[in-house]
Each structure stands twice: as structure tokens, then as C-alpha cells.
**Q** 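Pasting a structure here, questions to come.
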Amino acid sequence: MGSALLANLLLCLLLVAGSYVSGEVLDKRPNFVVMMVDDLGIGDIGCYGNDTIRTPNIDRLATEGVKLTQHIAAAPLCTPSRAAFMTGRYALRSGMVSTGGVQVLLFLGGSGGLPPAETTFAKRLQQQGYTTGLVGKWHLGVNCEYRGDHCHHPNQHGFSYFYGLPFTLFNDCVPGEGSDILIHLQHKLQNLTLLLGIGLITAVCVRVCGLFEVSLWLLVPLFLVSTLAAAVWYVPFGFIPTWNCIIMRNQEVIEQPMTVETLPQRLLGEAQNFIKRNADNPFLLFFSLAHIHTPLFKTPAFAGKSRHGRYGDNLEEVDWIVGKVTETVDSLGLASNTLMYFTSDHGGHLEDADSLTGQKGGWNSIYKGGKAMAGWEGGIRVPGIFRWPGRLPAGREVDEPTSLMDLYPTLKYLAKDTHPDRHLDGYNLMPLLEGKAVRSEHEFMFHYCGIYLNAVRWHPPGSDSIFKVHYFTPNFSPPGAGGCYDIKICLCHGEHVTHHDPPLLYDLFRDPSESRPLSPDSEPRYAEVLEETAKAVERHRSTLRNKQMSHDTHSQASTDSHSIQNQMTWEKILWRPWLQPCCGTFPFCGCKENTPQ
Ligand SMILES: *[C@@H]1O[C@H](CO)[C@@H](O)[C@H](O)[C@H]1NC(C)=O
């Protein structure tokens, strides 16, 4: 009896001491739950003006937190936008930008990816003692030189836990949905193989029938070799679902090819479990959703429920998932100590639609253009919501320009990370979010299309104007269409763009849809805008040049001195068998996750 009493007393004392300690560190560092949807448009969400899609959970985050109305992705396409997001700097600085036709990583068996020398916000937080997890899509590379070196893998980039898609969800993952990978090259190789094969047979026939003299000794080996070569190049495409549609847990491939139907449940479960496991220590969860990229999911609970077909069903599923994550944070009592963030990697994909399914890509509201349409607003202006009850005012709206690259410095600031860093292009958002600042530090913003500087945004001090100059714009196809419907994605080079000299100028404050280009007659500041943006470009370019020249700086920031290697060259993009992640014995890769469902 006595000893039980003593034990109780001790327990009480411990509890009191415990709460005293946590009281001491009241100012303790917050958790971060970062949620990113793939290809979501700003017009897809209720609190951004959509009145036919039900997104009560996302809207609730905005009511309880801060909604950004001019939140800008650093690129209108996944790989460069995500590289910039993760590193807090334009993708050009990490070489994650393309000069030509291929603008995103295409194979897990390629060697391109986020360079090991780059620093992500996850790495900074990890160094500050945070437990860091990535659940969902990565799409920033895996291996460099051999299978399993994992030089670009999330575990190497600051995430102590990874569960999800080292690649992305895309059409090839579901039979019958078509292919997203080098479809033109596939056709060419297929035709070439066929043609050479036919040539071979014809040559043999001609000889056998004795029509005329052909030296078989020359012809047959020639045809055989070229047919084989064409076929060998073509064959890997048949295996795309096995090569690219895989799930990894940390560095282990646990499903290959993946079962798409159960993916939403599994990703959500992993995200929730990560939060639960780490409720007691500062954590970062980056929940990078596989939605709303095609192929669209057919989850029974949502199928046929929305007013916008399967795309709408998927949107409402996204909202439900966001609600579940929020519920997990709240039910563990973590709300007042957790900064939650919701965004999209870039705008909706307007060209993605067919007569059967109807709309398959996102909706960018009043903004012109969409995914992969260079600097047009629809491809880069995305939803941005921050919630942190008690710290951030509820229901606040920030209309100033902000960037997805701002997340890096914001998290760093909140994690009290004051160590030296490389040149960042983002700014700490807390002053704006808390209402302590009214002006964004982004006086200028640079919009890239691949490796090319494509447009510049200027928010002049003391003015409401948001000027945007476009140095070039993508050529829509067919001409006059609102996108590149012929090839489904706009490109940034050569005959695919039109250069403008003088540049096209708009004021987004008065003309958010970029429909009325300004002229010296209609805009008194016309000359000044061109002059100031040109100067800003010069200054911006000098920060890029410094990077390559500062070889002898010995500061911590010396990661800047690594010369940038382009990660998006053909040589790095193309599939190589020895880089291919694989469960089992290559090339017989295949496994299924054990799911207790
Ligand atoms: C709401 O979203 C759906 C799905 O993207 C879209 O088709 C519709 O046009 C949007 N409505 C409004 C008012 O933005």
C-alpha cells in the first residue's frame, strides 16, 4: 500500500516537473506539416472562388489561418518548381532546368536529380534536431552512378523517413491510360523497328525468290543489327510501369509496379502515422500528394459525387485527405504548435482533357494559361494557405507577391536556424503572415521557362501595381487556342516561342488576366518599368555568375561554388539499366507491399 502511494507521489512529482519543463520552453519550435498537391489550379478551391467544388477542409484552413492570393511557383512545371521549392532558390541554381524538349525527369533509371551538394529545407531542419519525413511524390532523382548509390534520394536530402513515389503518378502507371513518356520517340522507334524488320524480310524474300542478286552476307547482318538496336531502344518503354511506377520505403523498393487504387489510402495512413509517431518532438512532414495528376483515381467513396466528373471527384478526395491530416494534428493537441501549409507545385494542366472523361487537368480561374505555359499567370499562381492557431491571425488575406521558395527561409527562421547559408531567392514570410509587414520583400520576381528567363514581375514600392514583362511567350497550337493542344505541353525554346522586343507588359493589379498589353501611351511608367526590370535582371544575373566564380570562398556558403551541372540533359535523363531501382533481381523486378487491409 505504502509503496504504491510513494509511486503515485513520485509520478505526480514527475508530471509536475514535466509540465514545468514544457512551460519553460513555451517558446518551443513548432512542427511543420507541408502539404503539396500536384498540378492543382488556383481556381479548383472553394476559398479561391470555386462555387461548385466542395473543399470545406481546405477552406477551413484558410478561415483559421492566412490565405495568400499571389503565391507564385518558381516554374510552371513539376521538376524545376519542386527543386526551387525544396532549396529556396531558382531551379537554375541547382541545374534542374532544361534547355530543350525534355523539361522533367523521365526515368527513375536516369542519373539526373537534385545534386547532393544542394541543401533542402528538410536538411536544415534535420540539422536543427527535427525529425523529418516525406510521404508521397519526390520526382527529383534517385541514383547517380550505380543502383543503390541513392545520391538524389530523399534520405540524402534531409528526410530521415521516406515513403512514397520516388517518381510521380502518371498515365503509364494505369493500363489503358496512355503514355506520358517521350511518346513521339516511342512512335519513331516502333516504326523504325517495324520498317527495318520489313526490310529484312523483303531482302530475304527477294533473294529466295531469286528475283535479283543481293549480297545477303551484307544485307542480313546490317538489317539484323539495326532492327535489334531499334528494338532494344524500344523495349524499355514497354516496361515503363515497372521502371517508374514504384513505391519505396526509405531506400527499399517495396512495390513494383505499384497498385494505384490503394495509393491514396496508403499515403494518407503513412502521413497520419508519421505525425502520431512524432507528436512528442519537433517534426517536419512534407506530404506530397499523388493527386491531382492524371491518371485520376477512382476511389469508390468519391466516384461520381462531384459536379465536375472524375476530376472533381479527385479534388473532393484531396480535400477529404487534407481534412484527415488536419484532424490528426488537432486531435493530438498539436494545432497551436504546428504550422500547416497547403499549396500546389504549379497551375492546372489545361490541355489535359478527352471526350470520354472530360476535364482531367486543373482550373486556373481568371488567370491566363496553365501548366508549362512559361510565365503566364495561370501556370504559376497557386493556392497558398498557412494555418497556425494562436500565432497567425485567423482569416487574414495577403495579396502581396509571395513565392513557394519562401517556405525554406520561413521554416529556417521558425526552427531558429541562424547558421550561414547559400544565396536564397525566397524570404521569411512570417512578418507578412503575422501582419507585422505590409509589403512583400519580393519587389522583383523572375519567371523561368526551362533555363530561359522568360518574364519579370515588378511590384514598385509605394504602388499597387504588379507589372509583368514577358520577354517571350509560348506559341499556342493550334494558333489562337489557349494552350499547346497539339503536343499537350508548351516548350520554351526555338520555334516553340515568340520573342517580344519591346517585351509585352501588363499590370496584374488592374489586369490580372493579362489580356491588355500596356503601351507607352496607356502606361505613363512604361519606360521606367522596362528600365527597372532590365536593371533587376542584371543584378539577378550577377548573383548567378558569382556562383560559378566564387571557388575560393571558404565560408559555409561554399556549396555555392560548385559549378552547376545541368541535370536535365539527354545524357542524364535517359534510362540506364544499372541505375534502375529494382526489388528482386534485375531485370526481373517485382514486389507487392504487405498491406493489412
Ligand atoms: C471549379 O472547379 C472545376 C474543376 O476544376 C472547374 O471545372 C470549374 O470551372 C470551377 N468553377 C469556378 C467557378 O471556378
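Whatever order the structure lists them in is the order used to number ligands and atoms, beginning at 1.
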**Q** How would you list all residue pairs meeting salt bridge (Lys or Arg N to Asp or Glu O under 4.0 Å) that involve residues 65-82, not counting sequence neighbours?
**A**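 Every salt bridge (Lys or Arg N to Asp or Glu O under 4.0 Å) pair that includes a residue of residues 65-82, provided the two are not neighbours, is D38-R82, K67-E397, R82-D345.
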**Q** With sequence neighbours left out, what residues match K368 under salt bridge (charged side-chain N to carboxylate O under 4.0 Å, His left out)?
**A**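 Expected list: none.
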**Q** Without hydrogens or angle criteria, can the side chains of D319 and T55 be said to hold a donor-acceptor pair below 3.5 Å?
**A**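 Result is no, nothing qualifies.
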**Q** What does the N/O contact table under 3.5 Å look like for ligand 1?
**A**
| unit_1 | atom_1 | unit_2 | atom_2 | d |
| --- | --- | --- | --- | --- |
| ligand 1 | 2 (O) | N50 | ND2 | 2.2 |
| ligand 1 | 5 (O) | D44 | OD1 | 2.6 |
| ligand 1 | 5 (O) | Q359 | NE2 | 2.8 |
| ligand 1 | 7 (O) | H308 | ND1 | 3.2 |
| ligand 1 | 7 (O) | Q359 | OE1 | 3.0 |
| ligand 1 | 11 (N) | N50 | OD1 | 3.4 |
| ligand 1 | 11 (N) | N50 | ND2 | 3.2 |
| ligand 1 | 14 (O) | W363 | NE1 | 2.9 |

**Q** Quick one about H470 and E514 (side-chain donor to acceptor, distance below 3.5 Å, no hydrogens or angles considered), yes or no?
**A**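 Present: a donor and an acceptor within the cut-off.
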**Q** Quick one: list whatever passes salt bridge (charged side-chain N to carboxylate O under 4.0 Å, His left out) with R60, sequence neighbours left out.
**A**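 For R60, the residues satisfying salt bridge (charged side-chain N to carboxylate O under 4.0 Å, His left out) (neighbours in sequence not counted) are E64, D330.
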**Q** Does a side chain donor of either E317 or T299 reach within less than 3.5 Å of an acceptor in the other side chain?
**A**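 Looking only at side-chain atoms, T299 and E317 do form a donor-acceptor pair, the distance falling under 3.5 Å.
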